[in-house]
Structure formats: C-alpha cells, structure tokens
Amino acid sequence: MTRMRQSFRTVLMACLLMSALVMGGEVIAAPVLDTAGQRSIADRSVSWPTFDQWKRLILLQDYNTRVVVLGTMLLGCAGGMVGSFTLLRRRALMADALSHATAPGIGLAFIVATTLGLDGKSLPVLLSGATLSGLVGVGVILVLRNTTRLKEDTVLGAVLSVFFGAGVALLSLSQQMEKGHAAGLESFIYGKTASMGIQDTMLISVAALICIAACLLFFKELKLLCFDQGFAESAGFPVVRLDLLLMAMVVTVTIVGLQAVGLILMIALFVIPAAAARFWTEKMWTMFLISGILGALGGMLGAGASALFAKLPSGAMIVLVCTGFFLISMVFGSARGVLIRWLRRSRLNRSVDYQHLLRAAYEYLEGGGRLVAGHDIPMAALLDARSWSVSRLRRVVGRAERSGLLKREVSRIRLTEKGLREAARITRQHRLWELYLITYADIAPGRVDRDADAIEHVLEPEIVAELEATLKKSGSDVPSSPHGLSEPAIAGVASQGQ
Amino acid sequence: MSTLPDARQDRLRGSGTGGRGSSETPLSVYDLTVAYHRKPVLWDVGFDIPSGALVGIVGPNGSGKTTLLKAVMELIPKASGRISVFGKPYRENRRRVGYMPQRESVDWDFPVDARDVVTMGLYNQVGWCLPVRKKHRRAALDALSRVGIEELAHRQISQLSGGQQQRTFLARALVQNADLYLMDEPFAAVDAATERAIIEILRDMKRNGKTAVVIHHDLQTVPEYFDYVVLLNMRVVAHGAVDEVFTRENLQKTYGGRLTLLDEVTEEMRRRERSL
C-alpha cells in the first residue's frame with residue numbers, strides 16, 4: 001500500500017508540475033501566429049488564440065504549418081519506434097549523451113563555416129557538424145568505458161556534461177562573431193519548429209521514414225538482439241552490426257530532430273513514448289506500435305501547440321504532450337498501469353480472505369464432528385483461526401453473505417448448503433496441495449500449512465486434477481488434514497494473530 | 001577416449017588431447033587459453049567429447065565453465081587454441097549447435113511470452129527481414145509441449161516460475177534441432193519436477209544420438225545424470241567416463257579443500273558400483 005501511495009504522490013506532483021509549466025507558458029506566450037501574420041510583432045498583450053487561429057491550425061489550412069506538423073509527426077513516430085528498442089536494450093542514456101554531444105559540433109560548424117566565408121547557418125553544414133561531434137562523443141564514451149575501470153553511468157554523465165558545456169561556450173562565442181548572424185542557433189538547443197522551412201521538413205520526413213522502414217524490416221532481429229544478445233550471437237546473427245544499425249537510427253533521428261525538438265529534450269522522444277507504451281501491453285510488437293503512435297501524436301500536437309503559441313519552444317511542447325500520454329498510461333495502462341495492478345491485488349486479497357473464511361468455517365465444523373449446513377459457527381472461532389482484524393473478517397463475511405454462502409447473525413454465522421459445498425471444495429484443494437508438498441517436496445509437515453496457504457489460491461483445476469491422480473484420492477471427499485488440525489497449527493496461527 | 005586421471009600426465013602431454021576432431025567428434029578443444037584483462041580464465045584446456053554422450057562440466061565458481069562454452073561459440077575471443085565442432089570451426093557448423101544460456105543472462109521483464117522466446121530459436125530458419133510464419137509458431141508450441149508447459153505459451157515470461165523459465169529456454173534450444181547442445185546450468189534453481197523433466201529430455205536426446213554438454217553444480221547427481229565428465233578449474237583437471245574420472249582424488253584437485261560434499265559423493269559412487 002505504501003508503494004501505491006508513493007506512486008500516486010508521484011503522479012500528483014508530476015501533474016502539478018506540468019500544469020504549472022503549461023500555465024506559465026501561456027502567460028509568456030505572445031499570441032502571434034507568425035505564418036498568419038495578423039498582428040504586429042510589437043504586440044505583447046497576453047491573449048488566447050482567436051477562434052480563427054484555432055481553425056486554421058486544426059484544419060491545417062496553412063501550408064507551412066501542415067508540412068511542419070506532418071514532419072514532426074513522422075519524427076515522433078520514428079523516435080517512438082527506435083526508442084522502444086533502445087529502452088529495452090537499456091541504451092536510453094547513450095542516446096541522451098549522443099544528443100548533448102552534438103552541441104559543440106553546431107557551434108564549431110557555424111564558426112568554421114563563417115570564418116571561411118560560407119553560409120554558417122546552412123542546415124547541411126550545421127547538421128554535419130552535429131553528427132560529427134555526436135559520433136565523437138559516443139566514441140569517447142566507448143573508449144573511456146573499455147579502457148578505464150569507470151562505470152558506464154559515470155562515463156555517460158561526464159561526457160554528456162563536458163560536451164554540452166563546450167557546446168554552450170562555442171554557441172555564445174559564435175553570437176559575438178562580427179561576421180555571420182548567429183541568432184537562431186539556440187533553437188537547436190530548445191527546438192523551434194517556427195525556424196523550420198519546407199526543405200528542412202522534407203529532410204526530417206525522409207530520414208524518419210527510412211528509420212521507420214528499417215525498424216519494421218529488422219524488427220525480429222532487433223528484438224532478438226535486445227532480449228538475448230548472447231543467444232543471437234551464438235545463432236550467427238551479426239550482433240555488432242545490428243547494434244550499429246540501432247545506434248545509426250538513434251543518430252539519424254537525433255540529428256534531424258535537433259531543429260524541432262532541440263538537443264536537450266531529444267532523449268524524451270526516445271524514452272517517454274516507449275515507457276508509456278509498456279504500460280499497455282506485454283507484447284513487444286504491440287508496444288512498438290503504441291510507442292510509434294504516441295510519439296507521432298506527441299510530435300503532431302506539440303508542433304501544433306507551438307504553432308499556436310509562437311513563443312513556446314516546440315521541443316518543450318512535444319515533451320509535455322508525451323508526458324501527458326505517459327501519465328495517462330501509467331495510471332490507466334491496461335497491462336501494467338497503477339490502477340489495474342491495484343485492482344488485481346485487491347481482487348487477490350479478497351479471494352484469499354474468502355477462501356480463508358470458508359476453510360476456517362469448514363475446519364470448525366469438522367472439529368465438532370458436525371459437517372452440516374446451518375450449524376452455528378461463532379465469529380470468535382473464525383477470528384482466532386486467522387490473523388485478521390475484526391473489520392476485515394466482517395467485510396469478508398459480508399461479501400460471502402451477499403453471494404449466498406452463509407447467513408450472518410450477531411456473533412455467529414451459519415453456512416448455507418451452497419456455502420458448505422464451496423467450503424468443502426476449497427478445503428479439499430488446500431489439503432491435496434499439502435499432501436503433494438509433503439509427498440514430493442520433502443517439506444516438514446509443520447511448515448506445510450504456510451506454503452500451502454500461499455499457493456492454493458492460484459491452484460488451477462488441471463493441477464488439482466493432476467494432484468488427485470497422483471495421490472490416488474477419490475474425487476469427492478475431502479482428505480483429512482495431513483498435519484493434524486489440532487494444537488500446533490491452529491494454536492500457532494492464533495498466537496500469531498494476537 | 002582418453003582418460004587422464006593424473007594431472008601430471010596431463011601436463012607432460014602439454015594440453016591433453018583434443019583439437020584433432022573428426023567429423024564424428026561433436027566437440028574437440030585443443031590448447032585453449034582465454035584471458036580477461038590479461039588474467040587467464042582458462043589455461044591450456046583440451047578435451048574431446050564423444051558422440052552421443054551426456055557430458056557434465058563440473059568445477060567450482062569462477063573456474064571458467066561459462067567462459068569455456070562462450071569460447072566454443074566464439075562469443076568471446078580466445079588468446080590461443082583450436083576448437084572444432086564436428087570437425088570444422090564453429091562458424092561453419094553453427095546450425096548443428098543448440099545453446100541454452102544461463103537463466104540470469106536475460107531480463108525476464110521483457111515484453112514477450114513463452115512462445116515468442118521459443119520462436120527465437122527459429123529466427124535463423126525464418127530468414128532475415130521475414131515475418132515468423134505459422135509453421136514456426138507450431139514448431140515452437142510443439143517444443144513447449146515437449147517440455148510440458150504448452151498451456152503457458154501465452155504467458156508473459158516474468159509470470160513464469162524459475163523452473164518454467166528454465167523449461168522455456170530448454171524448449172528454445174530444442175527447437176534449434178541441433179546435434180550438439182551446450183547448456184549453461186539448466187538445473188540451477190529449479191524445482192524437483194523440472195529437474196526430472198529436463199533430465200528425461202536429455203536422455204531422450206541421447207537416445208536420438210545427440211550430444212549434450214552441460215554445466216552442472218550438483219556433484220551428487222553427476223554420476224546419475226552424465227556418462228562423461230570434464231573437471232575444470234582453469235585447467236582441465238581430468239576428463240573421461242564418469243566411472244573412471246569422477247573420483248575423490250580428482251574432485252579434491254578440482255575443488256581444493258573446499259569440498260564438504262565429497263563424502264556424500266563417494267558414497268554415491270559406491271552405491272552405483274554395487275548396483276552395477
């Protein structure tokens with residue numbers, strides 16, 4: 001329960017944080033839709049976008065917006081798909097280090113190109129600089145990891161911060177250059193879709209589509225690589241080349257995504273959709289698809305929001321949208337969500353209580369030699385039989401009464417016919433299992449009751465049948481308890497309850 | 001099959017036998033040395049495995065058992081030595097080898113079910129970039145039913161018990177339909193029923209002329225389970241038929257003074273002799 005409470009607290013805090021960020025964003029956002037060009041740049045009044053602006057965005061009427069949103073969507077989809085592999089291969093931090101390591105490359109490329117009298121802000125120049133320094137960063141990580149005894153997280157942290165620091169220094173240096181015009185370079189840090197042209201978007205789309213195609217094509221091989229590298233290698237799969245393919249996809253998505261998402265937040269595109277998708281499924285293929293879809297939606301909505309509020313960096317918006325998906329998935333995810341796990345656990349607890357109640361009742365009747373329905377069973381005896389509180393016992397008695405298994409009076413209960421049958425069935429299962437444990441698992445009889453208690457609630461009918469066959473018991477009657485019901489077992493449990 | 005109970009004799013002959021494997025010899029290791037960070041883990045290891053045998057590899061923790069299997073499959077580089085699988089280098093006869101790694105080597109939280117894991121043993125046959133087809137899924141289910149857990153085929157693998165996970169890995173090796181199986185501690189931390197099921201399958205393999213090389217920890221069951229044994233502690237202390245090699249003296253050499261189980265094992269061997 002404490003873990004539940006903790007996760008709820010985490011969710012709550014994250015929600016608060018997010019809404020604070022969004023509200024803050026609204027206040028600072030100047031409601032200028034650059035592409036629409038309806039208002040003057042000097043207009044700094046804070047206002048919600050007009051209905052017309054919403055309409056233009058939602059219907060994607062503006063050609064430029066349409067192209068940018070589509071490109072970011074493909075980028076998000078590729079990020080989500082590649083991310084589901086990096087997440088499962090535990091390479092997420094490597095991707096983060098890589099994207100941060102692109103920073104000095106951008107600054108350096110601009111400075112060098114401008115000094116040489118070229119256009120420092122041409123995208124091919126900047127992106128090749130970014131690629132180069134990103135790869136150098138990864139190379140440094142690999143060299144440090146393999147030649148020193150430093151742990152991987154230490155190496156990643158050190159390289160990431162050193163490269164990013166150098167990048168920030170170089171970028172500020174470039175701002176002070178006489179030649180060239182470095183304004184706008186910082187959009188590579190935070191991401192700004194507004195600075196993207198049609199050509200840039202085409203580049204993003206093509207690169208993203210290639211990555212998506214590669215993921216689909218090599219899905220099976222990458223899955224094997226992520227799950228069991230040793231086995232893949234023994235079966236002759238070229239694991240080094242597959243690993244390189246995965247890294248190449250990470251590099252590609254990172255580099256083309258720099259403009260839209262920014263290098264600081266690039267990691268979110270790889271991690272958040274994949275982590276969110278994991279809450280919905282236990283199947284890798286489904287996780288992969290959901291992750292791609294969430295990434296695509298995140299890219300689309302994030303870019304849309306950034307088009308609406310021109311001052312909001314699109315990277316931040318994309319991440320926030322993805323985070324929203326993550327929170328929803330974490331709570332409502334149908335496979336591993338907080339809610340479903342809580343439900344499962346309380347259902348299990350209920351069924352355990354219910355079986356304990358019926359067995360305690362059965363054993364009480366058995367002890368008195370009166371195995372008939374309608375005989376009085378005092379609540380006090382039931383309370384002693386288990387280590388449960390009065391209120392918990394009341395709850396389970398109430399539930400059993402509602403399903404017609406017993407009748408309750410003030411301080412005692414009476415089993416109905418149906419209740420007695422059910423109690424006999426459950427007690428039989430429990431004892432079969434005990435017998436099995438004693439016969440085959442060499443457990444001392446005194447310890448059996450404990451283990452049997454835990455396991456009988458998960459016994460399936462086939463196993464019961466198997467046990468019966470092995471133990472050659474007749475089908476209907478309840479075998480007598482193998483460890484003797486009297487003093488040691490019951491007294492032991494009762495004393496624990498006090 | 002040479003048996004070299006005397007380590008001195010082993011030394012005199014350099015590195016034991018091995019390495020001259022014919023196409024009938026499933027596994028032949030000659031003069032194998034493997035080092036991690038310049039510290040040798042295996043030193044001049046050599047032996048031949050006879051065809052159709054169940055072979056136990058036995059030795060204390062850190063004696064290089066897993067390293068040996070990995071070196072055979074070329075998963076780790078060797079400093080020196082020659083290894084042949086059915087008379088050829090491993091990479092040429094890879095399809096005749098099935099591998100069952102240690103259970104701890106993977107993340108059982110991975111989003112796959114038992115059948116998916118078994119199907120991975122068939123990816124080679126499925127072919128690059130092609131999807132898994134119906135016949136592969138059927139083969140995977142067959143393998144799961146051979147190890148007795150076909151009803152768990154669609155359960156996510158973290159929901160399986162330790163024994164069931166071990167059975168899943170065994171099914172994945174079985175589906176590879178190999179002639180030589182390399183198994184890394186298939187009996188580690190399994191329940192009694194699973195242990196019986198696994199040994200039954202191993203005996204079944206043997207009846208079909210297959211060979212299995214199995215890393216094993218429980219000395220007491222060695223005489224019962226295996227025909228042939230390699231006692232390993234960085235070097236090969238002894239290798240040969242269990243009856244000849246699995247002696248108190250050799251075990252003492254392998255384990256040093258740390259062996260408390262020795263007397264029980266000796267007892268077991270005596271019982272076995274009486275029953276023969």
Side-chain angles (χ1 to χ4, degrees), chain A residues 84 87-90 146-147 149 213-242 274 277-288 290-291 335-336 436-437 439-443 455 458 460-463 466 470, chain B residues 37 66 69-70 72-76 90-95 97-103 105-113 115-117 119-132 136 148 151-152 154-159 161 169 172-173 176 178 182 184 191-193 196:
Chain A
S84 60
L87 186 88
L88 290 170
R89 192 150 169 67
R90 302 171 185 217
N146 293 341
T147 57
R149 281 167 178 259
C215 281
L216 290 170
L217 213 53
F218 295 103
F219 178 80
K220 174 166 59 64
E221 287 76 14
L222 290 170
K223 172 177 159 182
L224 179 58
L225 173 79
C226 295
F227 177 63
D228 194 345
Q229 181 181 340
F231 184 80
E233 202 172 351
S234 82
F237 285 94
V239 293
V240 176
R241 260 176 273 169
L242 281 171
R278 188 70 185 87
F279 286 111
W280 295 98
T281 177
E282 299 285 7
K283 285 282 215 180
M284 170 119 196
W285 175 248
T286 321
M287 172 184 164
F288 171 77
I290 294 178
S291 177
R336 315 194 133 194
Y436 177 78
L437 285 182
T439 319
Y440 287 102
D442 293 333
I443 292 179
I455 207 82
V458 294
E460 284 150 29
E462 309 91 74
I463 303 177
E466 192 184 309
T470 354
Chain B
H37 298 297
T66 300
L69 287 198
K70 287 190 171 164
V72 167
M73 291 178 291
E74 298 173 9
L75 300 186
I76 46 174
Y90 174 76
R91 58 183 66 227
E92 288 171 37
N93 260 336
R94 184 176 273 151
R95 300 247 169 160
V97 180
Y99 175 40
M100 179 175 169
Q102 253 174 59
R103 183 153 58 94
S105 65
V106 301
D107 170 20
W108 290 93
D109 216 26
F110 206 84
V112 286
D113 61 24
R115 194 187 61 181
D116 283 340
V117 173
T119 314
M120 287 176 189
L122 293 165
Y123 278 7
N124 249 333
Q125 296 172 34
V126 176
W128 277 84
C129 305
L130 292 172
V132 173
H136 303 118
E151 74 278 6
L152 303 176
H154 297 290
R155 196 173 282 191
Q156 198 267 326
I157 53 175
S158 67
Q159 311 286 320
S161 73
F169 260 14
R172 184 176 68 172
Q176 291 183 293
L182 305 176
D184 200 341
D191 53 290
R196 274 200 309 276

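Chain naming here is simple, since letters A, B, ... match the order of the sequence lines and numbering starts at 1 in each.
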Among B:Met100, B:Gln176, B:Arg172, which residue forms the greatest number of heavy-atom pairs with chain A at distances under 4.5 Å?
-> B:Arg172

Check the pair B:Phe110, A:Asp228 against side-chain contact (heavy atoms from CB on, under 4.5 Å), reporting the backbone distance first and the verdict last.
-> CA-CA 10 Å; B:Phe110 206 84; A:Asp228 194 345; over 6 Å; no

With side chains defined as the heavy atoms from C-beta onward, is the minimum distance between A:Leu88 and B:Pro111 less than 4.5 Å?
-> yes

Highest number of heavy-atom pairs under 4.5 Å with chain B: which of A:Arg90, A:Glu233, A:Glu221?
-> A:Glu221

Grab the two heavy atoms, one from A:Phe218 and one from B:Cys129, that are nearest each other, plus how far apart they are.
-> CE2-SG, 3.5 Å

Gap separating the NZ atom of A:Lys220 from the CG atom of B:Leu130, nearest 0.5 angstrom = 6.5 Å

Check whether B:Thr119 gets within reach of chain A through its side chain, its backbone, both or neither, counting any heavy atom under 4.5 Å.
-> neither

Honestly, the part of B:Asp109 sitting under 4.5 Å from a heavy atom of chain A is both

Could you pull out the closest heavy-atom pair between A:Phe227 and B:Val112, with the gap in Å?
-> CE1-CG2, 4.4 Å

Tightest non-hydrogen contact, residues A:Ala235 and B:Asn124, listed as O-ND2, 2.6 Å

B:Ser158 and A:Arg336 have their tightest heavy-atom pair at OG-NH2, 4.1 Å

Tell me, side chain or backbone of A:Met284 under 4.5 Å from chain B's heavy atoms, or both, or neither?
-> both

Greatest number of heavy atom pairs closer than 4.5 Å to chain A - which of B:Pro131, B:Gly127, B:Ser105, B:Ala173 = B:Gly127

Please state whether the side chain, the backbone, both or neither of A:Arg89 comes within less than 4.5 Å of a heavy atom of chain B.
-> neither

From CA spacing to verdict: side-chain contact (heavy atoms from CB on, under 4.5 Å), A:Lys283, B:Asp113 | CA-CA 7 Å; A:Lys283 285 282 215 180; B:Asp113 61 24; 3.0 Å; yes

Quick one: closest heavy-atom pair of A:Pro238 and B:Trp128, and the distance?
-> CD-CZ2, 3.4 Å

Using the ring of each side chain (for Trp, its six-membered ring), is A:Phe231 parallel, tilted or perpendicular to B:Tyr99, with breaks at 30° and 60°?
-> parallel

